[in-house]
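Structure first, then comments.
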There are 2 protein chains.
Amino acid sequence: MATLKDIGIALGLSPATVSRALNGFPEVNAETRAKVKEAADRLGYRPNRAAQRLVTGKSGLVGMILDIQPDMSADQTFFEILTGLTAALANRDADLVLTVDQFDDPTTPYTRMIDRNLVDGFILNAPMPGDERIALLQELEIPFVVHGRSDPAADYPYYDIDNHAVPRDSVDLLTALGHRRIALLNGEAHFAFAAERDIGFQDAMSTYELPVPEAFVAHGALTENYGYTVALPMLAGRLGPRPTAVICASTLIAAGVLRAAQDMDLRVPEDISVIAHDDALPHTRARHFNPALTVTRAALRDACKPLANHLLDRISGAPASDLQTLVRAELIVRGSTGPAPLTEKDPWP
Amino acid sequence: MATLKDIGIALGLSPATVSRALNGFPEVNAETRAKVKEAADRLGYRPNRAAQRLVTGKSGLVGMILDIQPDMSADQTFFEILTGLTAALANRDADLVLTVDQFDDPTTPYTRMIDRNLVDGFILNAPMPGDERIALLQELEIPFVVHGRSDPAADYPYYDIDNHAVPRDSVDLLTALGHRRIALLNGEAHFAFAAERDIGFQDAMSTYELPVPEAFVAHGALTENYGYTVALPMLAGRLGPRPTAVICASTLIAAGVLRAAQDMDLRVPEDISVIAHDDALPHTRARHFNPALTVTRAALRDACKPLANHLLDRISGAPASDLQTLVRAELIVRGSTGPAPLTEKDPWP
DNA sequence: AAATTTATTCAAATCGATTTGGAGTTTTGA
DNA sequence: TCAAAACTCCAAATCGATTTGAATAAATTT
């Protein structure tokens, strides 16, 4: 494997000049630079990462630690993120080191990887309010970026969608259609995104002075099964008067709700409106549901580039405040939402 | 961060001695070694990976490139492997760099990662006969280990199960129970493991002088849906006389077959026997099927340690012939297999 | 007691890229 | 025309661990 010195010898130049030529420093003659590049190409030069790392103190590696849940509900999303992330990192010549969390304490794998001293920073996902991992990394002053936020007032780099607006936009649409009894099938309560959507939902409903009975807010994994099992008693009216609209945290949950509605002989959207948040995963297309699903849409894939870039910029010293991306999910109205049923047998409240 | 020199200064020793003391070389005084270890501990010494790598020429990183298929059938197995693999690598102080293949040519991501010059070797999975990736790595003399074999006569490090024996053991059991019309719902035909099982199945059947009509061997993804859709016409007798036993390439496929049998009002095992190969994934327990599933069992998790160790040994220079593990799946007879039905309305052939 | 081992330790070279502090040349400006 | 500025380029130091070749001290042998 050719080194900088080899190129220097071949061209009668010092390694310093060769290094500068290849790294685009201004103080090298254009002609020389061209010769150096040609020679590097010809000799098949590849910088030695270890040498670079030794002198720069950076490894070009970022870590990600997976907390694999038995229900494997996150698989689809995981692959989606992984694909985009590795591509975005490769664009900036960085790579991803992956480990699986097999400990009880969520911070253990982080301290272990930090001790092993091989990554420049971390990508965290699925933050929870008061997330211990974030506290740890902040204390150790190790660069990281979060997919999501542990708290709306996050002071670290992140990419997140406006989870407060997600249910609000849905409620706005539904109330405009005359709905007053609206249920929320949210994600698991310990995740920050779900907590934020709970708040957004409550806020929106109180804006319209609509009550939210306890039975109308559920938490669970983002699975079809959860949607089905929770919707069934709800739509059967076993939890009080049945909702005329259901807001789902994912399209899979909505699929479960649609199945439950079908089993109950309820028509969508005539009897019940369904709206979901859509991560735009490649193999669950809300548009192809029957009826086509009304959604708040924010493609998961969009998160990848900002996550990679924010982290790498942070590692290069950019201030956290410049590395915070908040996007608004797009409301897309399709066939699964319609006017509230006219025959209101159960006045509300 | 403390360095070897720091420890040397603190103890009045040279960095060379400190290095030897910590790395267990024999030529250092036991007393000195103890002092060095104590000091290293006290100063929180962590070897600088880049420096180690620069001088040893090894990175301590191994690469894995995922070819993510849209059907996402491999998810469960992927997480299982990932979990065990990262643990086994961590045991030997190595780490995993993961990338997703986003190219048409399967070798492209390998050449790219090789050019980026950061891993010591690769872990390959899902080999195909005449696998291009294997040819590339062999040509470049880059260490690798394969989960599976592209060919029974593989001359590289691997961990595999005896895929020839898998259907043979099943056929042995079924013929002993009197079955003569046996179908095979195999994996996708382009994978080496499926090809090998095809051969094992044909060989076993011809041992018993039993014919194998074309319609009795199917290939597809290891999904419940595939099992169901293929079994349905088979069990309906639409593809000729229906089989009395079905061998499935995975427990998920078997789940589909069981559902198809139920839909056709066929009892298992009275009307039809079902046997599957079982990867022993944590959340699909063959034992808890109804009826409990007869399987050839080889826990996927068992592959992880040998894979990691074979690769790391190969990187350290061990010969490939010492790094080949072949295991035999264990036949576990449960309730889904029984004597062939007595009333043979359709003599065979 | 002198010669030879053996046991410990050290100084210095090494890996390969980056970067600092100059040193020649050439160009520009007065 | 001469000094200052601008260009180019180089030598050498640096990052931190490993490893080679010696050197010193202690133990053993003759």
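As a basis for the values below, the full set of heavy atoms in this structure was taken, side chains included, without hydrogen atoms, waters or symmetry mates. To find a chain, count down the sequence lines: A is the first, B the second, and so on, and within it residues start at 1.
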Is any side-chain heavy atom of [Y] closer than 4.5 Å to one of [X]?
| X | Y | value |
| --- | --- | --- |
| A:Leu22 | A:Val36 | yes |
| A:Ile7 | A:Leu13 | no |
| A:Val97 | B:Leu96 | no |

Criterion side chain to side chain contact (heavy atoms under 4.5 Å, CB included) on B:Ile81 and B:Phe79, from CA distance to verdict: CA-CA 5 Å; B:Ile81 288 289; B:Phe79 281 145; over 6 Å; no
Those residues of residues 46-61 of chain B lying under 4.0 Å from DNA chain D by at least one heavy atom: B:Arg46, B:Pro47, B:Asn48, B:Ala51, B:Gln52, B:Leu54, B:Val55
A:Arg92, CZ atom: more than 12 neighbouring heavy atoms under 6.0 Å: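 Check passes, neighbour count above 12.
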Electrostatic pair A:Arg133-A:Asp131, nearest N-O below 4.0 angstrom: yes
Residues B:Arg112 and B:Asp101 bridged, charged N to O under 4.0 Å: no
Nearest-nucleotide comparison on DNA chain C, the residue closer to the 5′ end among B:Glu27 and A:Phe25: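 It is B:Glu27 whose nearest nucleotide is closer to the 5' end.
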Inter-end axis angle, the helix from C:dA1-D:dT30 to C:dA30-D:dT1, with every axis fitted to five base pairs (rounded, 10 degrees):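 Taking five pairs per end, the axes differ by 50°.
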Close residues, residues 12-23 of chain B, relative to DNA chain C [heavy-atom separation under 4.0 Å]: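 Within this stretch, B:Gly12, B:Leu13, B:Ser14, B:Ala16, B:Thr17, B:Arg20 sit under 4.0 Å of the strand.
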Residue pair B:Leu311, B:Asp120: steps toward the side chain to side chain contact (heavy atoms under 4.5 Å, CB included) verdict: CA-CA 9 Å; B:Leu311 177 55; B:Asp120 297 331; over 6 Å; no
Side-chain donor-acceptor contact under 3.5 Å, A:Ser150 with A:Tyr156: yes
Short side-chain donor-acceptor distance under 3.5 Å, B:Asp155 and B:Gln324: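 On atom types as modelled, these side chains do not qualify, holding no pair under 3.5 Å.
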Residue-phosphate contact under 4.0 Å: A:Tyr45 side-chain N/O, C:dG16 OP1/OP2: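 For C:dG16, neither OP1 nor OP2 has a side-chain N or O of A:Tyr45 closer than 4.0 Å.
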B:Thr3 side chain near D:dC15 phosphate (N/O to OP1/OP2, under 4.0 Å):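 Checking B:Thr3 against D:dC15: no side-chain N or O falls below 4.0 Å of OP1 or OP2.
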Measure [atom1]/[X] against [atom2]/[N] and give the value in whole Å, please.
| X | N | atom1 | atom2 | result |
| --- | --- | --- | --- | --- |
| B:Leu11 | C:dT9 | CG | C1' | 13 Å |
| B:Leu4 | D:dT19 | CG | C1' | 13 Å |
| B:Asn117 | C:dG16 | CG | P | 11 Å |
| B:Lys5 | C:dA11 | NZ | C1' | 13 Å |
| B:Leu118 | C:dG16 | CG | P | 17 Å |
| B:Ile9 | D:dG16 | CD1 | P | 12 Å |
| A:Asn29 | C:dT26 | CG | C1' | 12 Å |

Residue list, ring-ring contact (aromatic ring centres under 6.0 Å, His included) with A:Tyr158, at least two apart or on another chain: none
Derivation of the side chain to side chain contact (heavy atoms under 4.5 Å, CB included) call for A:Ile134 and A:Val146: CA-CA 9 Å; A:Ile134 294 175; A:Val146 183; 4.0 Å; yes
Residue pairs, two or more places apart or on separate chains, that pass side-chain hydrogen bond (donor to acceptor under 3.5 Å, both in side chains) and touch residues 29-38 of chain A: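 For residues 29-38 of chain A: A:Glu38-A:Arg42.
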From CA spacing to verdict: side chain to side chain contact (heavy atoms under 4.5 Å, CB included), A:Leu300, A:Leu281: CA-CA 7 Å; A:Leu300 208 58; A:Leu281 296 176; 3.9 Å; yes
Output a table of nitrogen or oxygen pairs between the protein and nucleotides 22-26 of chain D separated by less than 3.5 Å.
none

